[in-house]
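Following: one structure in C-alpha cells, then a few remarks.
Labels below follow one simple rule: chain letters A, B, ... track the order of the sequence lines, proteins then strands, and each chain is numbered from 1.
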Amino acid sequence: MMQPGHGIAPPNIGQQPPQQYQHAPPQQPYVMMPPQAPQALWAQSAQPPQQPASADEVRTLWIGDLQYWMDENYLYTCFGNTGEVTSVKVIRNKQTSQSEGYGFIEFNTRATAEKVLQTYQGTIMPNGGQSYRLNWATFSAGERSSRQDDGPDHTIFVGDLAADVTDYLLQETFRARYNSVKGAKVVIDRLTGRSKGYGFVRFADEGEQMRAMTEMQGVLCSTRPMRIGPATNKNPAAATQPKGCQEALSSRSLELISAEMITILVHVLA
DNA sequence: AATGAGCGA
C-alpha cells in the first residue's frame, strides 16, 4: 500500500479561508494550463505535444465531492506540484456557472495519473476537511458508477457514522468480515465538505449482504456503533427488492380507491 | 440527523 508522504504527496497548503472564493464573479468554464507549458509554445509545434501516447490511453482522473468554491485554481493547487498536470477543469452549470461538484484532471502520462490516484485517494483535501474522491475518467456516459461489472450490487445503508469515518475505513470495517465487499461510500455534504454521517456498502454476494445486515448491527466503526439498514437502491437494474412489494402496494391502493369511490357513488346516488 | 448532486467543448 502506497503511503502519501513519499513520491507524489498531496501538498499541505495553509488554512486558506475559502471566503475569497465565495464572492468571485461567475466566470466561463476555462482550462487552466500549468506555467511550464504555456499556450504560446504549443501553438508553434505542428502536433500537440501533449499527445505522446496512444489516443485511447486514459490519462485523466475524475474528481468528485467538490465544494462550490473549489475551482480550477484550487485543483491546480492540489495537483500542480506533480509538474505533470496538463489541464484541470471543473464542470459548471451552463446558466449559473455554479460548480456541479466534479471535475477532471489530465496528466502528462497515464503512469502519473495512476500514481496520483493511488497516493491522493482517501487523503485530506487542502482546506476541505474531506478526503479526495478520485477515479479514472470514463469518457462514456455508460458504465459510470460501476467499478466492477461482475454482476449486480447488493447495497446496505450504514448510519450513525462518526465524522472521521472515510470510505476506506468503512470499506475495511466490512471487508474484515466479508470478502465480497466491492466498495463503500460515505456521503459528503457539498456545502461543508463534511460527512453526513451515513454511507453505503456494496457487496457482490447477496448472502453476505443479508448477513451483514444483522451481524454488523451496532459494531464499532471508528468511535461509534453502526446502524445498518436496507438501502433504497439507486439503480433499479441491480435492485434486489422483492417484486411483490410494488404490486401489493398498487393493488392495495386500488382497493382503497375503489372503496372510496363506492362511498362517493353511494352519496351521489342517494 | 438519516438513503448517494458521479463522467466533460
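- For the atom pair CE (Met125(A)) and CZ (Arg133(A)), the distance works out to 10.5 Å, reported to the nearest 0.5 Å.
- Using a 4.0 Å heavy-atom cutoff across all strands shown, Gly101(A) reaches no nucleic acid atom at all.
- Every residue meeting the salt bridge (charged side-chain N to carboxylate O under 4.0 Å, His left out) condition with Arg211(A), not counting sequence neighbours, appears here in chain and number order: Glu215(A).
- The side chain of Tyr68(A) approaches dA5(B) more closely than any other nucleotide in the set dG8(B), dA5(B), dG4(B).
- Checking dT3(B), dG8(B), dG6(B) against every side-chain atom of Ile91(A), the shortest atom distance belongs to dG8(B).
- As a whole-Å value, the separation of Glu72(A) CD from dA9(B) P is 12 Å.
- Regarding Glu106(A), its CD atom lies at a distance of 15 Å from the P atom of dA9(B), rounded to whole Å.
- Atom CD1 in Ile228(A) sits roughly 16 Å away from atom P in dT3(B) (whole-Å rounding).
- The CZ atom of Arg202(A) sits 16 Å away from the P atom of dG4(B) (whole-angstrom rounding).
- Between the P atom of dG4(B) and the CG atom of Asp153(A) lies a distance of 16 Å, rounded to the nearest Å.
- Evaluation of atom-type donor-acceptor distances gives a pair under 3.5 Å for the side chain of Asp160(A) against the base of dA2(B).
- The side chain of Tyr198(A) sits closest to dT3(B) out of dT3(B), dG6(B), dG8(B).
- Of the charged side-chain nitrogens involved, none lies within less than 4.0 Å of a carboxylate oxygen, so that Glu208(A) and Lys182(A) do not count as a salt-bridged pair.
- Classification of the Phe203(A)-Tyr178(A) ring pair by plane angle, with boundaries at 30° and 60°, yields perpendicular.
- Among dA5(B), dA1(B), dG6(B), the nucleotide with an atom closest to any side-chain atom of Arg224(A) is dA1(B).
- Distance CD1 (Ile156(A)) to P (dG4(B)): 16 Å, rounded to an integer number of Å.
- Nearest nucleotide to the side chain of Arg133(A), out of dG6(B), dG4(B), dC7(B): dG6(B).
- Distances from the side chain of Arg227(A) to the nucleotides dG6(B), dA2(B), dG4(B) place dA2(B) closest.
- Stacking of the aromatic ring of Trp62(A) onto the base of dG6(B) is found: the ring centres lie under 5.5 Å apart and the planes are inclined by under 30°.
- Phosphate contact (OP1/OP2 of dG6(B), side-chain N/O of Lys185(A), threshold under 4.0 Å): absent.
- Because its NZ or CZ atom is both nearer than 6.0 Å to the ring centre of Trp136(A) and within 45° of the ring axis, Arg110(A) counts as a cation-pi partner of that residue.
- Here Gly64(A) lies out of heavy-atom contact (under 4.0 Å) with every strand.
- Between Phe139(A) and Phe104(A), a ring centre-to-centre spacing not shorter than 6.0 Å is recorded.
- Note: CD (Gln130(A)) to P (dG4(B)) measures 18 Å, nearest angstrom.
- Residue Lys89(A) places its side chain closer to dG8(B) than to any other of dT3(B), dA5(B), dG8(B).
- Note: CG (Asn93(A)) to P (dA9(B)) measures 11 Å, nearest angstrom.
- Per the stacking criterion (ring centres < 5.5 Å, plane angle < 30°), Phe200(A) stacks onto the base of dG4(B).
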